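Values below: every heavy atom of this structure, side chains too, minus hydrogens, waters and symmetry copies. Since the model is a prediction, treat every value here as computed from it, not as a measurement.
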Protein chains: 2
Amino acid sequence: MPAQKYVEIYRELKEMIEEGRYPAETCIPTEYALVDRYKCSRNTIRRAIHQLQEIGYVQSIHGKGVVVIYRKDYDHVQQTTDRIESSTAYYSRRNTRTEVQVLELRHYRAGEQETAMGFRKDQRLCFVKRLRFVEGTADAIECAWFPEEKVKGITTEIAQNSIYEYIGGVLGQKIISSKRQITVDVATEDDLRYLDPAPANCLGVITSRSFNADGAMIEYSQMRKVPQTFVYSTIARQQKLK
Amino acid sequence: MPAQKYVEIYRELKEMIEEGRYPAETCIPTEYALVDRYKCSRNTIRRAIHQLQEIGYVQSIHGKGVVVIYRKDYDHVQQTTDRIESSTAYYSRRNTRTEVQVLELRHYRAGEQETAMGFRKDQRLCFVKRLRFVEGTADAIECAWFPEEKVKGITTEIAQNSIYEYIGGVLGQKIISSKRQITVDVATEDDLRYLDPAPANCLGVITSRSFNADGAMIEYSQMRKVPQTFVYSTIARQQKLK
DNA sequence: CCGGATTTGTACGTATGTATG
DNA sequence: CCATACATACGTACAAATCCG
């Protein structure tokens with residue numbers, strides 16, 4: 001129920017920018033002009049603008065104004081990959097057909113390797129390995145480790161559908177933030193049993209550690225994807241602070 | 001001269017978290033407790049906390065508190081690559097020896113290909129191709145395109161050192177935000193003349209479009225890096241808004 | 001080059017809503 | 001049901017950067 005003012009203002013401005021009402025390299029109305037238009041406080045306007053900065057639509061410049069950097073002709077196709085959502089949700093957002101096949105589901109206790117992932121030694125874990133098909137062709141191998149104490153009762157059936165939905169819906173957990181690393185790995189023999197990266201012999205790899213509202217790591221995952229479809233989009237902004 | 005209160009509070013809390021004073025999965029003091037400690041307004045505290053969220057140190061949870069997700073034992077080595085800085089700055093931050101060799105510097109006008117990058121047709125461009133060495137071995141090919149109208153007078157000497165320093169120092173321009181895509185490319189013949197990704201036959205590729213304070217794109221760049229040293233770190237946070 | 005107007009940045013204070021325990 | 005703690009929203013004041021006459 002986001003009847004929050006700043007969200008509405010954010011959405012309206014976002015839409016206007018997308019429509020080209022405020023073209024790139026021009027300024028949107030000043031904060032005070034927007035205060036006037038929306039009959040709200042300046043703080044509220046500033047929050048909306050802050051959100052627009054987060055998604056790379058504008059950047060505010062001290063003493064000058066809020067400049068649009070969204071380019072109608074260029075940015076409308078691009079979407080940031082840099083958000084938290086399941087692969088299933090990601091593909092459905094793009095109207096792409098996708099299925100998964102569970103290759104392995106195993107319960108065991110954390111050893112050396114798993115402590116390097118960030119788990120405690122001997123912590124009970126559930127390991128799931130899945131093969132994802134996109135538009136009918138094998139696209140990625142998705143491995144995930146869950147601590148049993150936080151994420152109980154994963155079954156093959158659940159893994160076949162959306163694990164995230166299970167975590168969110170049934171367990172009432174939510175992933176709030178996710179620390180990721182993107183690397184390039186040479187495809188292993190096992191990778192090549194399922195995926196065909198040719199002519200490449202490598203895969204794009206996204207390794208994530210995901211945290212719930214308690215600050216607990218509830219997933220460690222690694223997605224190994226063929227280069228043909230691999231792309232990770234993100235926006236880097238000036239770091240003012242160290 | 002950041003004597004700004006929220007920056008000081010941010011830094012102090014950051015340091016305490018790094019030292020383990022507030023361990024992972026626990027809460028830092030409440031907002032009001034911090035208001036009391038720092039003798040400031042709640043807004044100021046909230047800004048500091050917001051910054052800590054940006055760097056993936058904490059998560060604030062409605063009705064509960066602000067939970068630490070920074071792990072002393074794990075995160076102290078990791079640094080986000082997801083910031084705006086030159087490769088030179090990046091490596092010096094890590095005490096790593098690096099040099100560049102200018103392979104090509106050319107001035108020409110934008111054609112078909114360059115409009116796909118986001119330049120205007122016939123716009124005057126400066127193209128720079130450099131080879132970067134890290135600890136003495138060839139590590140990456142860095143190609144960059146600059147619009148002449150914004151970034152004038154790049155010479156081989158400048159390219160040999162830091163182009164960013166030139167842009168910032170001499171031209172007084174500043175890159176405020178940067179939209180990036182990370183992909184995996186099969187190494188071309190040209191790549192292999194300079195780089196040795198073996199046993200891989202691919203490179204990690206970071207493509208960036210960078211914007212200045214006017215919202216103008218002042219750089220399009222592509223960094224092609226050997227997999228051995230390629231890693232891109234980033235933090236994805238919950239998207240509340242669409 | 002100066003100075004005033006404009007515009008964003010920082011900081012304070014207050015009140016009320018809403019999720020958690 | 002209540003207390004706690006974060007979320008939203010309003011308002012005000014002054015600082016600092018930019019712009020323009």
Summary of protein contacts for nucleotides 12-17 of chain D, nucleotide by nucleotide, where a base hit scores B, a sugar-phosphate-only hit scores S (4.0 Å, heavy atoms):
-B--BB
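- Checked by atom type, the side-chain pair Arg180(A)/Tyr232(B) shows no donor-acceptor distance below 3.5 Å.
- Whole-Å rounding puts the Glu31(A) CD to dA9(D) P distance at 16 Å.
- Residue Thr44(A) places at least one side-chain N or O closer than 4.0 Å to OP1 or OP2 of dC10(D).
- In this entry the distance linking NZ of Lys39(A) with C1' of dG11(D) reads 16 Å, nearest Å.
- At dT7(C), none of the side-chain N or O atoms of Ser60(A) fall inside 4.0 Å of OP1 or OP2 (strictly under the cut-off).
- Between Tyr6(A) and dA9(D), a side-chain N or O to OP1/OP2 separation shorter than 4.0 Å is absent.
- Going from atom CG of Leu34(A) over to atom P of dC10(D) covers 13 Å, rounded to whole Å.
- The distance between atom CD of Gln53(A) and atom C1' of dG9(C), rounded to the nearest whole Å, is 12 Å.
- We find that NE2 of His50(A) is positioned 12 Å from P of dT8(D), with the value rounded to whole Å.
- The separation between Asp214(A) atom CG and dC6(D) atom C1' is 15 Å, rounded to whole Å.
- Between Glu19(A) and Lys14(A) there is no salt bridge, since none of the side-chain N atoms of the basic residue sits less than 4.0 Å from a carboxylate O of the acidic one.
- Residues satisfying the side-chain contact (heavy atoms from CB on, under 4.5 Å) test with Ala159(B), not counting sequence neighbours, are Val102(B), Leu105(B), Val128(B), Arg130(B), Ile163(B).
- In this structure, Arg209(A) fails the cation-pi test against Tyr220(A), since its NZ or CZ atom is not both closer than 6.0 Å to the six-membered ring centre and inside 45 degrees of the ring normal.
- Note: Phe127(B) and Trp145(B) have tilted aromatic rings, judged against thresholds of 30 and 60 degrees for the angle between ring planes.
- The local environment of NZ in Lys174(B) is sparse, with at most 12 non-hydrogen atoms from other residues, nucleotides or ligands closer than 6.0 Å.
- Rounding to whole angstrom units, CD1 of residue Ile49(A) and P of dT7(C) are separated by 12 Å.
- In this structure, CZ of Arg46(A) is placed 16 Å from P of dT8(D), rounded to the nearest angstrom.
- Partners of His50(B) according to the side-chain contact (heavy atoms from CB on, under 4.5 Å) rule, which considers only residues two or more places apart in sequence or in another chain, are His50(A), Glu54(B).
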